[in-house]
Amino acid sequence: MKERKLIPFFLIFGVGWLVYLRLGDIDRILHISKEDGLVEYATALFYFIGFIVGIYSIKARKKYALPISVPIIWTFLCFFFLGEEVSWFQRIFNYSVSSVEAVSKQGEFNLHNLMIFNEGAFISEGKVNKMTISEMLFSSQNLFRLGFFSYFLIIPVLCLNKKIKAILQKMGYIKPSWTAVGIVFIVFLFSFLLAVLSPVEFKPPIAESREMLYALFILIYVILYIKPDKELVV
C-alpha cells in the first residue's frame with residue numbers, strides 16, 4: 001500500500017526538517033530559504049512532479065475504468081501552483097507583463113502576490129493577527145490554507161455522510177486514511193506553533209518551508225491516483 005510508505009515518510013521528513021530549521025545554523029537556513037533558494041526550488045519540483053504524475057494517473061485510471069474528474073482537477077492545480085511558485089518562469093525566460101507587475105507586491109507576474117491578495121496575513125512576524133472574514137479572504141495564503149485543510153481534513157469527515165460519499169465516488173475521489181489526516185494535522189500545527197514561538201529571524205524560513213511541505217503532501221496524495229489501493233477508494 002503506497003500510503004503506508006509515503007505518509008510516515010512525510011511525518012518524519014516534515015517534523016525533522018522543521019526541527020532542523022529551528023536548531024540549525026541561521027545563516028545557512030536563511031541561504032537555503034531565500035528567493036530562488038533550495039526550499040523554493042524543492043517546492044516547484046514537487047509541483048512539477050505532481051503535474052507529471054497527475055497526467056499519468058489520468059491515463060492509468062482510464063485503463064482501470066475509474067473516474068478521472070478529481071485527478072484532472074489536481075493535475076491542473078499542480079500546474080497552476082508550479083506556475084505561481086516560479087512566477088510563470090518569468091525569471092527564466094526574462095519577460096515582463098507590466099500591467100500585472102505594477103500591482104504586484106514583489107513586482108512579478110503571478111496572482112498570489114497581487115496587492116489585493118496580500119492584505120490579510122493570518123500570521124505576521126510570528127504573531128496571530130485579528131481579522132474579519134472578509135480580510136482573511138483577501139489573502140492568497142489564507143485562501144490556499146482554506147482549500148488545503150478543507151480538502152484534507154474536512155472532506156474526509158464529510159465522507160461519513162452517504163450522500164456526499166456517493167457524489168465523491170462518482171468523481172473518483174480518494175479519501176486519505178485517518179492516519180494521513182492526523183499526520184497532516186500534526187505536521188502543520190507544529191509548523192504554525194514553531195513560527196509563533198521562534199525568534200523573528202527563523203520565521204520566514206519556517207513559513208517558506210511550510211509551503212514546501214504543502215507541495216510535498218499534495219505530491220504524495222496525487223501519487224495515490226496512479227493505481228489506487230482498493231481500500232482508499234471512497
Heavy-atom count around Phe48 CZ within 6.0 Å, excluding the residue itself: above 12?
no

Please say yes or no: joined through hydrophobic side-chain contacts below 4.5 Å, possibly via intermediate residues, are Ile183 and Val15 part of one cluster?
yes

Evaluate the side-chain proximity of Arg210 to Arg145: yes if any heavy-atom separation is below 4.5 Å, no if none is.
yes

Output yes when a side-chain donor or acceptor of Gln90 lies under 3.5 Å from a complementary backbone atom of Tyr95, and no otherwise.
yes

Cluster check Ile58, Ile52: I/L/V/M/F/W/Y, side chain < 4.5 angstrom
no

Would Phe13 and Leu6 show up in the same hydrophobic cluster when neighbours are defined by side-chain heavy atoms closer than 4.5 Å?
yes

Are the side chains of Glu40 and Met212 in touch, meaning some heavy atoms are under 4.5 Å apart?
no

Specify whether Phe149 and Phe192 have parallel, tilted or perpendicular ring planes, treating 30° as the upper limit for parallel and 60° as the lower limit for perpendicular.
tilted

What I'd like to find out is whether the side chain of Ile164 reaches to under 4.5 Å of the side chain of Ile155, using heavy atoms alone.
no

Would you say that more than 12 heavy atoms from the other residues, nucleotides or ligands in this model lie under 6.0 Å from the CZ of Phe79, or not?
no

CZ (Phe185) with more than 12 external heavy atoms under 6.0 Å
no

Where is the tightest heavy-atom contact between Val222 and Gly50, given as atom of each residue plus distance?
CG1-O, 3.7 Å

Relative to each other, are the rings of Phe148 and Phe152 parallel, tilted or perpendicular (30° and 60° limits)?
tilted

Please determine whether residues Ile49 and Tyr41 belong to a single hydrophobic cluster, defined as Ile, Leu, Val, Met, Phe, Trp and Tyr linked transitively by side-chain heavy-atom distances below 4.5 Å.
no

Would you say Lys203's side chain and Ala195's backbone share a donor-acceptor pair under 3.5 angstrom?
yes

Taking Phe81 as the fixed residue, which of Phe76, Phe46, Phe144, Trp74 is the one that meets the ring-ring contact (aromatic ring centres under 6.0 Å, His included) rule?
Phe144

Do the side chain of Ser191 and the main chain of Phe188 share a donor and acceptor less than 3.5 angstrom apart?
yes

Centre of Tyr225's six-membered ring, under 6.0 Å away, within 45 degrees of the axis: is that where NZ or CZ of Arg61 sits?
no

Exam field: side chain Ser57 to backbone Gly54, donor-acceptor pair closer than 3.5 Å
yes

